[in-house]
Engineer: 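Here it is, the structure in full.
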Amino acid sequence: MSKRKDSHRATRRIRLGMVGGGDGSFIGAAHRIAARLDDQFELVAGALSSTPERARASAAKLHIAPDRSYADFAAMATAEAQREDGIDAVVIATPNHLHVPVARTFVEHGIHVICDKPLATSLAEAQALAQAVRERGLLFLLTHTYAGYPMVRQARDLVAAGELGELRIVQVEYAQDWLGEPVELQGNKQAEWRADPKRAGPAGALGDIGTHAYQLARYVSGLSVQELSAELSTFVPGRVLDDHVQAMLRFHGGARGMLWASQVASGACNALRLRVYGTRASLHFDQEQPEQLWFAPLGEPARLLRRGMAPQSTAQAAASRIPAGHPEGYFEAFAELYRDFARAWRGGESPAMPGLQDGLDGMAFIEAVLSSHQQNARWVRL
Ligand code: SOE
């Protein structure tokens, strides 16, 4: 934990500084909304853009005091660590290549970390970061947003309680279409860095959304992958990184499954779907209908479980905010991760919070897929 003495830890808001996520960033805004939803955080500092003028302008719009708007993240870490009222945690909402350098800098100053996925651009740098975080006893939230949905938490509880029996099959898919054309060459900033290996790392769709699918499958099933056989494709001519991935999965313990993720699946918006089949029942979650979870016991009609309605698992109830029938969605799921973090920061337990281990698993998955692909989809052990 941070060395700074703090007698108000139980009651005061947690002070955040943000790196990246300035004007025009979808994910920066999502972090800020999520952090505000339960009134447990305040954004007090930022190095919001790599361009100093844009950083200053973004900070002004967010009512960050001018002396806490920094031109670069290293200056922010040094200055904030010295202040009595310095930030407790840094939010990293930058392109992938900066996740580790930024996280390391703040970790060295004893500051907790909230970071976008994927954790790093290589497993080796992720491992070095994980060691530094663990040595200092700091908190690390990796924002795998979809793990915050109440019905995902209920799905996880159902599996853990043995309601599905022994797991046999885990099928996960994540389909988007927004990279179906070469929009990275047409001024789309979000696409530009995702298509650039220097900023995105060696994985395209694989890192951007494949890691979400992989995390969701592992998070709900509790299973880990022993080996996989995978193929990457790049459908849009001229693109360097993959825009589609498909993989067969062999889980420890004998379960089998498949994962595919694509950013060129025409007509698909954010179609993240998970199906888990056990010896006694199966479940089906669709991210675009996040208030629902299908539970289908063997030999009985399928049941549609709904957020806020019995039978609710403890974790489902804890992750819901408003009564059933008042739709909750993406921001609430994101906010749930912030609530997990806040609970842990105040000294409580947050066993459902995605963190360093999810990041390390995600990087091991990326490297195994790349290796399998390079060997014509040979089976590779994780
Ligand atoms: C774009 O593909 C994107 O914004 C991802 O980067 C996010 O991680 C995902 O949650 C939504 O889609």
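Ligands are counted one by one from 1 in listed order, and the atoms in each one are counted from 1 as well.
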Engineer: Quick check against the 3.5 Å criterion: does Thr105 have a side-chain atom that pairs as donor or acceptor with the backbone of Pro101?
Structural biologist: yes

Engineer: Check Gln190 against ligand 1 and report side chain, backbone, both or neither, counting heavy atoms closer than 4.0 Å.
Structural biologist: neither

Engineer: Can you pull out the closest protein heavy atom to atom 6 (O) of ligand 1? Residue, atom name and distance to 0.1 Å, please.
Structural biologist: Asp208 OD1, 2.6 Å

Engineer: Return yes or no for this condition: an N or O of Tyr330 is under 3.5 Å from an N or O of ligand 1.
Structural biologist: no

Engineer: If the cut-off is 4.0 Å to any non-hydrogen atom of Gln263, which atoms of ligand 1 fall inside it?
Structural biologist: 2 (O)

Engineer: Number the atoms of ligand 1 from 1 as they appear, then name those within less than 4.0 Å of a heavy atom of Trp178, with their elements.
Structural biologist: 1 (C), 2 (O)

Engineer: Would a 4.5 Å heavy-atom cut-off, applied to side chains only, mark Arg32 and Leu62 as touching?
Structural biologist: yes

Engineer: Please identify which atoms of ligand 1 are closer than 4.0 Å to at least one heavy atom of Lys117.
Structural biologist: 5 (C), 6 (O), 7 (C), 8 (O)

Engineer: Ring centroid separation for Phe140 and His112, is it under 6.0 angstrom?
Structural biologist: no

Engineer: Side chain, backbone, both or neither: which part of Tyr174 comes within less than 4.0 Å of ligand 1 when only heavy atoms are counted?
Structural biologist: side chain

Engineer: Whether Arg239 and Asp243 form a salt bridge (side-chain N of Lys/Arg under 4.0 Å from carboxylate O of Asp/Glu) is what I want to check.
Structural biologist: yes

Engineer: Are His31 and Phe334 an aromatic pair by the rule of ring centers under 6.0 Å?
Structural biologist: yes

Engineer: Answer yes or no: does an N/O atom from Gln176 fall short of 3.5 Å to an N/O atom of ligand 1?
Structural biologist: yes

Engineer: Does a salt bridge link Asp85 with Arg68, judged by any charged N lying under 4.0 Å from a carboxylate O?
Structural biologist: yes

Engineer: I'd like to know if the side chain of Arg250 and the backbone of Gln226 have a donor-acceptor N/O pair within less than 3.5 Å.
Structural biologist: no

Engineer: Quick check on contacts: which atoms of ligand 1 are under 4.0 angstrom from a heavy atom of Tyr146?
Structural biologist: 9 (C), 10 (O), 11 (C)

